[in-house]
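Structure, as structure tokens:
Sequential numbering from 1 along the given sequence is applied to the chain's residues.
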Amino acid sequence: MTMPSFIPGLELSRRFYLDAVRPLLDAAAPDMTHSAARLGSGSEVLGFDTVRSADHEWGPRLQIFLHPQDVTRHGARITALLSEGLPKTFGGYPTHFAPVGEGDIGVMQTTDGPVNHRVEVTDPGTWFTAQLGFDPCTDITLADWLAIPTQLLAEVTAGAVFHDGLGQLASARATLHWYPHDLWLYLLACQWQRISQEEAFVGRCGEVGDEIGSAVVAARLVRDLMRLCLLMDRRYPPYSKWLGSAFARTPQAPALSPVLTAVLAATDWHTREQHLARAYEAVAATHNQLGLTDPVDPATRPYHARPFQVLHADRFTAALTTRITDPAVRALPTIGNVDQFIDSTDVLSHPAMTRAAALATVCCPS
């Protein structure tokens with residue numbers, strides 16, 4: 001099967017809704033209120049899709065949202081209607097998804113029979129709860145915010161809404177657009193804390209001849225600096241496959257990318273440390289430009305009496321923490337949300353703070 005010239009998935013889905021799905025809905029249920037969007041998983045939702053993306057779960061696909069009672073009464077009928085009435089191809093792309101391998105993964109294939117389409121018919125509350133574990137149309141708790149990976153928040157706040165007849169998608173996505181202010185301060189503080197935990201290890205590993213270990217630590221610090229820049233820019237950091245692509249869109253990327261690349265390319269710990277020091281100071285300067293705290297000295301310095309150059313990033317943690325006014329957020333340990341918690345050395349180095357206990361603290365704060 002020869003594919004047509006590549007079109008970004010969001011645009012393909014928009015045209016598919018307007019020209020193929022909407023006419024069928026209007027004919028079959030002209031009085032039924034609905035919303036339509038392309039949200040959730042998929043590289044096209046984040047705007048990172050390429051020709052390669054078409055090899056699985058990419059193509060003309062979207063969600064149709066109805067009132068819950070309409071899903072119960074008419075959802076199966078609408079799904080079947082689309083299966084029988086949708087064109088076999090749209091814009092040169094098959095609308096039929098055939099299963100491949102294990103699970104529910106499908107790829108576009110031509111068919112002579114009914115279309116196994118990727119038009120999901122659901123209601124907003126059910127869909128958001130399945131994606132996030134909670135419904136943003138109701139109250140969002142502190143535990144909800146902390147327990148949800150930033151990748152999933154990115155997936156439901158990116159993408160595109162093509163029609164919002166229900167009037168619920170825009171408000172839900174606006175609520176999820178970014179963290180409440182005090183929680184943002186807390187997560188920034190925790191990201192600086194992560195950096196402070198390991199910034200001296202680049203030199204310590206190198207000092208004992210462990211250049212591989214030093215390089216691994218440096219790569220972790222590069223990753224955490226990239227995530228920090230995204231948090232500073234009020235962007236949800238995606239998971240590893242798209243972290244660099246997302247970072248490239250931040251204001252810090254043009255100046256910082258060559259420095260971070262030099263960190264990763266360095267073959268000895270001294271060079272690694274020198275480039276990291278430049279990166280620390282650049283990101284520290286960005287912190288000061290945000291005006292979230294009193295200015296913090298962005299200069300690197302020795303690590304106590306040891307010959308390692310560090311930022312002492314915990315100074316930024318302290319500055320941010322003092323600006324948090326919400327008592328519930330102030331009471332949280334500096335282990336952050338689920339992404340930040342996963343391999344925090346604060347958790348690993350304190351026997352009393354087991355992973356299970358830490359996760360309980362994050363998900364069920366007292």
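- Checked against the 6.0 Å centroid criterion, the rings of His74 and His67 do not qualify as a close aromatic pair.
- A donor-acceptor pair is defined here as one N or O able to donate and one able to accept, closer than 3.5 Å; no such pair exists between the side chain of Tyr186 and the backbone of Leu320.
- Side chain of Gln191 to backbone of Arg227: no donor-acceptor contact under 3.5 angstrom is found.
- Atom CZ of Arg323 sits in a crowded spot, with more than 12 heavy atoms from other residues, nucleotides or ligands closer than 6.0 Å.
- With a 4.5 Å cut-off on side-chain heavy atoms, Glu44 and Ser53 do not count as touching.
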**Message:** Test side-chain contact (heavy atoms from CB on, under 4.5 Å) on Ile78 and Ile64; report intermediate values, then the result.
**Reply:** CA-CA 10 Å; Ile78 291 173; Ile64 295 296; 5.7 Å; no
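- Closest approach of Val161 and Asp164 over heavy atoms only: CG1-CB, 4.1 Å.
- If you chain together ILVMFWY residues whose side-chain heavy atoms come under 4.5 Å of each other, Trp269 ends up grouped with Tyr303, Phe308, Val310.
- Linking ILVMFWY side-chain heavy atoms closer than 4.5 Å, directly or via other members, places Ile7 and Phe162 in a single hydrophobic cluster.
- Note that the CD1 atom of Ile148 and the CG atom of Asp144 stand 8.5 Å from one another [nearest 0.5 Å].
- Using modelled atom types, one finds no donor on one side chain facing an acceptor on the other under 3.5 Å when comparing Glu211 with Thr267.
- Using bins of under 30°, 30° to 60° and over 60° for the plane-to-plane angle, the ring pair His163/His34 lands in the tilted bin.
- Under the side-chain hydrogen bond (donor to acceptor under 3.5 Å, both in side chains) rule, Arg194 has a single partner from Thr317, Asp224, Thr334, which is Asp224.
- Considering only heavy atoms from C-beta on, Leu86 comes within 4.5 Å of Val21 through its side chain.
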**Asked** Taking it one step at a time, do Gln151 and Glu155 satisfy side chain to side chain donor-acceptor pair (under 3.5 Å)?
**Response** CA-CA 6 Å; Gln151 169 70 22; Glu155 290 176 354; 2.8 Å; yes
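- Considering CZ of Phe247 and CZ of Arg235, their distance stands at 11.0 Å, rounded to 0.5 Å.
- The two atoms that bring Asp123 and Val71 nearest to each other are N-CG2, 3.8 Å, heavy atoms only.
- Here the closest heavy-atom approach between residue Pro237 and residue Thr150 is recorded as O-OG1, 2.6 Å.
- Linking ILVMFWY side-chain heavy atoms closer than 4.5 Å, directly or via other members, places Phe134 and Leu169 in a single hydrophobic cluster.
- Around the CZ atom of Arg73, the shell of radius 6.0 Å holds no more than 12 heavy atoms that belong to other residues, nucleotides or ligands.
- A distance of 12.0 Å separates SG in Cys190 from CG in Asp339, rounded to the nearest 0.5 Å.
- Contact of the Lys88 side chain with the Pro94 side chain is not registered, since no non-hydrogen atoms from C-beta on lie closer than 4.5 Å.
- Although no hydrogens or angles enter the test, the distance criterion places a donor-acceptor pair under 3.5 Å between the side chain of Thr175 and the main chain of Ser171.
- Counting non-hydrogen atoms of other residues, nucleotides and ligands closer than 6.0 Å to CZ of Arg306 gives a total of 12 or fewer.
- Hydrophobic clustering of Ile, Leu, Val, Met, Phe, Trp and Tyr side chains at less than 4.5 Å, counting indirect connections, unites Val222 with Leu228.
- Taking 4.5 Å as the limit, every side-chain heavy atom of Val217 sits out of range of all side-chain heavy atoms of Arg204.
- In terms of modelled atom types and a separation under 3.5 Å, the side chain of Asp326 and the main chain of Asp182 share no donor-acceptor contact.
- Put simply, the side chain of Arg330 gets close to the backbone of Thr321: a donor and an acceptor are under 3.5 Å apart.
- Here the side chains of His177 and Arg173 are not in contact, with every heavy-atom distance at 4.5 Å or above.
- Atom CG of Leu176 sits about 11.0 Å away from atom CG of Leu152, to the nearest 0.5 Å.
- The minimum heavy-atom distance between Ile195 and Tyr280, with the atom names listed, is CG2-CE2, 4.0 Å.
- The environment of Leu290 atom CG is dense: over 12 non-hydrogen atoms of other residues, nucleotides or ligands sit within 6.0 angstrom.
- Using cut-offs of 30° and 60° on the angle between ring planes, the pair Trp192 and Phe316 is parallel.
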**Request:** Could you please spell out the steps behind the side-chain contact (heavy atoms from CB on, under 4.5 Å) verdict for Trp127 and Glu120?
**Result:** CA-CA 10 Å; Trp127 188 84; Glu120 180 182 6; 3.4 Å; yes
**Prompt:** Between Thr325 and His181, does a side chain to side chain donor-acceptor pair (under 3.5 Å) hold up when you go through it step by step?
**Reply:** CA-CA 10 Å; Thr325 59; His181 184 73; over 6 Å; no
Can I get a per-line list of side-chain donor-acceptor pairs under 3.5 Å for residues 252-262, giving both atom names and the distance, sequence neighbours left out?
| unit_1 | atom_1 | unit_2 | atom_2 | d |
| --- | --- | --- | --- | --- |
| Gln252 | OE1 | Thr250 | OG1 | 3.4 |
| Ser257 | OG | Ala253 | O | 2.9 |
| Thr261 | OG1 | Ser257 | O | 2.8 |

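- Of all the heavy atoms in Pro60 and Tyr93, the pair that sits closest is CD-CB, 4.2 Å.
- Judged by distance alone, with hydrogens and angles left aside, the side-chain atoms of Ser214 form a donor-acceptor pair with the main-chain N or O of Val202 at under 3.5 Å.
- Taking CG of Leu10 as the reference point, atom CG of Leu39 lies at 9.0 Å (rounded to 0.5 Å).
- In this structure, the ring of Tyr236 has its center less than 6.0 angstrom from the ring center of Tyr179.
- No donor-acceptor pair closer than 3.5 Å links the side chain of Ser35 to the backbone N or O of Phe65.
- Contact check for Leu183 versus Asn337: no side-chain heavy atoms found under the 4.5 Å cut-off.
- One N or O on the side chain of His96 and one on the backbone of Asn116 form a donor-acceptor pair closer than 3.5 Å.
- Between the side chain of Glu199 and the backbone N or O of Ala313, at least one donor-acceptor pair lies under 3.5 Å.
- Closest approach of Arg38 and Gly42 over heavy atoms only: NH2-CA, 4.1 Å.
- There is no path of hydrophobic side-chain contacts, each under 4.5 Å, that joins Met108 to Ile105.
- Looking only at side-chain heavy atoms (C-beta outward), Leu12 and Phe90 come within less than 4.5 Å of each other.
- Judged by distance alone, with hydrogens and angles left aside, the side-chain atoms of Glu273 form no donor-acceptor pair with the main-chain N or O of Gly203 at under 3.5 Å.
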**Asked** Going through the distances and angles, do Leu243 and Leu230 end up as a side-chain contact (heavy atoms from CB on, under 4.5 Å)?
**Response** CA-CA 9 Å; Leu243 181 61; Leu230 284 159; 3.6 Å; yes
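- Considering only residues two or more places apart in sequence or on other chains, Asp210 meets the salt bridge (Lys or Arg N to Asp or Glu O under 4.0 Å) condition with none of them.
- Taking OG1 from Thr126 and CG from Asp135, the interatomic distance works out to 8.5 Å, rounded to the nearest 0.5 Å.
- Residue Asp139 places its CG atom among 12 or fewer non-hydrogen atoms of other residues, nucleotides or ligands, all under 6.0 Å distant.
- The environment of Arg234 atom CZ is dense: over 12 non-hydrogen atoms of other residues, nucleotides or ligands sit within 6.0 angstrom.
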**Message:** Working note: Val121 + Leu66, criterion side-chain contact (heavy atoms from CB on, under 4.5 Å); need CA distance, chi angles, decisive distance, verdict.
**Reply:** CA-CA 7 Å; Val121 181; Leu66 307 176; 3.7 Å; yes
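- At a threshold of 4.5 Å between non-hydrogen side-chain atoms, the residues Met232 and Pro251 do not count as touching.
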